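Just so it is clear, the structure is predicted and the values come from calculations on it, not from any experiment. Along the sequence shown, the residues carry numbers beginning at 1.
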Amino acid sequence: MQTSYIIILITIVAYLLLMLGVGLRFSKKNNTTDDFYLGGRKLGPLVTAMSAEASDMSSWLLMGLPGVAYLSGVADAGWTALGLAIGTYVNWLIVAKRIRRYSHKAGNAITIPDFFSNRFRDDSHMLMCISALFIVIFFVPYTASGFAACGKLFNSLFGIDYMTAMIISAVIIVGYTAMGGFLAASTTDFIQSMVMTLAIFVVLGFGIYSCGGVDVVLANAQELPGYLSMVKTHQAATNTAGNYGLLTIVSTMAWGLGYFGMPHILLRFMAIEEEKKLTLSRRIATVWVVISLFVAIVIGVVGFSLSKVGVVPVLEGSQSETLIVKIADAISKNGVLAALVAGVILAGILAATMSTADSQLLAASSSVSENLIHKVLHLNISEKAGMLTARVTVVVIAVIAVFIARNPDSSVFKIVSFAWAGFGAAFGPVVLFSLFWRRTNKAGALAGMVTGGVMVFIWKFLVRPLGGVWDIYELLPAFVLACVAIVVVSLLTPPPSEEITKEFDEVVNAK
C-alpha cells in the first residue's frame with residue numbers, strides 16, 4: 001500500500017476510534033430510556049444547531065449533491081438546495097420552540113410517536129403504532145444509504161470489498177450509538193459537522209486551484225449545454241440541454257417540506273435545555289446549511305473541470321457520487337501533509353454518513369422498543385431491560401439496513417430522496433396541524449399520517465412513472481393530500497375534548 005494511503009487509513013481509524021470514545025464516555029450517563037433517547041433535554045444551543053443539521057445533511061451533502069451537480073449541472077441540485085435552505089429556516093422559526101414546549105407539556109414525550117399519542121390522548125395507541133411503523137419503514141432504507149456511502153468510499157479509494165467496508169463502518173456506527181445513545185449521537189454529530197465543514201472548503205480550494213482558477217471552471221462549464229442554467233438541465237448522454245419547467249422547479253423545491261416531518265431533527269428541538277436558546281440555534285443552523293449546500297454544488301461544477309484536466313477520472317452514473325473521494329485521492333499525492341489532509345476530508349464523508357445514521361438508528365430503535373414493545377404491546381420491563389432492548393433494536397435495524405444496501409450500484413441520492421419524502425408526507429402535515437390548528441383531532445391526524453405515508457408509495461411507483469405532468473417528486477402531492485385529509489376528517493368527526501383544547505391554548509399562550 002502506498003504511503004499516502006497508509007496515512008489516510010491511520011487518520012480515518014483515529015477518527016473512528018474518537019467516535020467510539022465519545023460513545024463510551026456517554027454510556028455512563030444513560031441511566032434511563034429518557035436519557036438514552038432524548039439526553040434528558042440537556043442539549044446546549046450550539047450542539048442542538050449543529051447536530052440537527054449534521055444529522056439532516058447525511059452523506060448526500062458530500063456525495064449525492066455534488067454528484068448530481070457534476071452530471072447534470074446546477075438546476076436540479078440548485079433548486080433542491082434552495083428548497084432545503086428555506087425549509088430549514090422555516091422549520092426552526094415556527095416548529096422548534098412550539099414542539100419543545102408542547103412535547104414537554106404533553107406528558108413529557110421523548111419520541112415523536114409519544115408526542116402524537118399524548119397530544120391527542122390516544123388511549124388506543126393507534127397513532128403511536130402507525131407512526132412507529134412508518135419510522136421503521138422509512139428509516140431502515142435511509143440508514144442503508146449511509147452504509148452504502150461508507151462502502152463506496154473505501155471501495156473506490158482502497159479497493160476494499162464493498163460489502164466488507166460497509167459492514168465495518170456499520171459496526172463502528174452501531175457501537176457508539178448503542179453505547180452512548182442520544183447524547184453520544186448529538187456530541188459526535190457536533191464534531192462531525194466541524195469535520196464536514198473543513199472537508200468541503202479544503203476540497204473546493206484544491207479543486208479551483210488545480211483547474212487553474214474560477215475563470216477556467218466557468219469556461220469549462222459553459223461549454224456544456226444547460227449546465228449553468230437554473231431553467232435547463234444538462235443531459236450528458238446526448239450533450240444537450242433539457243427543459244427545467246416551473247412544475248419541475250416547484251416539485252424539486254418541495255424537498256423543503258420534508259423538514260417538518262423528520263423525527264431525528266424534531267428530536268433535537270425537543271431535547272434543547274432551554275426553549276429561548278433555540279433562537280441562537282436557528283441562526284447558526286441556517287447559516288451553516290446555506291453555506292454548506294452552496295459549496296457542495298460548486299464542488300460538483302468544479303469536479304467537471306477536474307475531470308477535463310485529468311486530476312480525477314471521468315465519472316458516470318452513480319460513480320459521480322464518489323467525486324470528493326477522487327479529489328481527496330488526488331490531494332493525497334502531494335506529500336505527507338497533503339495525505340493527512342486527505343484523510344480528514346474522507347473522515348468528513350464518514351462524518352456526514354455517521355451523523356445521520358446514528359440519529360436514524362436511535363429514532364427507529366425508540367419506535368420499536370419504547371413505543372411498540374413497551375407502550376403498544378404493554379410489556380412491563382425494568383429500566384435495565386428497557387436499555388438492553390433499545391440497544392439490541394439498534395443492532396437489528398442496522399443488520400437489516402446492511403442487507404438492503406448490499407448492492408454497490410445503489411444511488412445514495414435516490415434512496416435518501418424516497419425516505420425523505422416518506423417522512424415529510426407522513427409526519428410533516430400532522431406535526432404542523434398538531435402544533436397550529438386547535439380543531440385537529442385524533443381521527444384527522446391518523447387520516448393524514450396514513451394518507452401521506454401510503455401516497456408516497458403510490459405516487460413513486462404507480463403515478464410518477466407515467467411521466468409528463470405526473471413526473472412530480474412524490475413528497476409534494478403526498479404532503480398536500482395529507483393536509484387535505486387532516487382538515488376534512490377532523491371537520492367531519494367530533495372536535496377534540498376540552499382537556500385537549502385547554503392544553504393547546506396553554507401551549508400557544510405560554511411566554
Atom CZ of F294: over 12 foreign heavy atoms under 6.0 Å: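 Atom CZ in F294 is not packed in, count stays at 12 or less.
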Students often mix this up, so state it plainly: with edges at 30° and 60°, are the rings of F433 and W437 parallel, tilted or perpendicular?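 Plane angle over 60°, so perpendicular.
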May I ask you to decide if the ring planes of F134 and F427 are parallel, tilted or perpendicular, using 30° and 60° as cut-offs?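 Ring orientation, 0 to 90° scale: perpendicular.
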Is the distance between the ring centroids of [X] and [Y] under 6.0 Å?
{"X": "F504", "Y": "F436", "value": "no"}
{"X": "W79", "Y": "Y473", "value": "no"}
{"X": "F115", "Y": "F120", "value": "no"}

Approximate separation, where rounding is to 0.5 Å, of [X] [atom1] and [Y] [atom2]:
{"X": "W255", "Y": "I86", "atom1": "CH2", "atom2": "CD1", "value": "15.0 Å"}
{"X": "L93", "Y": "R98", "atom1": "CG", "atom2": "CZ", "value": "11.5 Å"}
{"X": "N118", "Y": "E503", "atom1": "CG", "atom2": "CD", "value": "8.5 Å"}

List the steps, then state whether side-chain hydrogen bond (donor to acceptor under 3.5 Å, both in side chains) holds for K442 with T493. CA-CA 9 Å; K442 180 178 70 174; T493 50; over 6 Å; no
Which residue pairs pass the salt bridge (Lys or Arg N to Asp or Glu O under 4.0 Å) test when at least one of the two sits in residues 469-494, sequence neighbours left out?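 Counting only pairs at least two positions apart or across chains, the salt bridge (Lys or Arg N to Asp or Glu O under 4.0 Å) contacts touching residues 469-494 are R464-D471, R464-E474.
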T440 vs I486, test: side chain to side chain contact (heavy atoms under 4.5 Å, CB included). Steps then yes/no. CA-CA 7 Å; T440 310; I486 292 172; 4.0 Å; yes
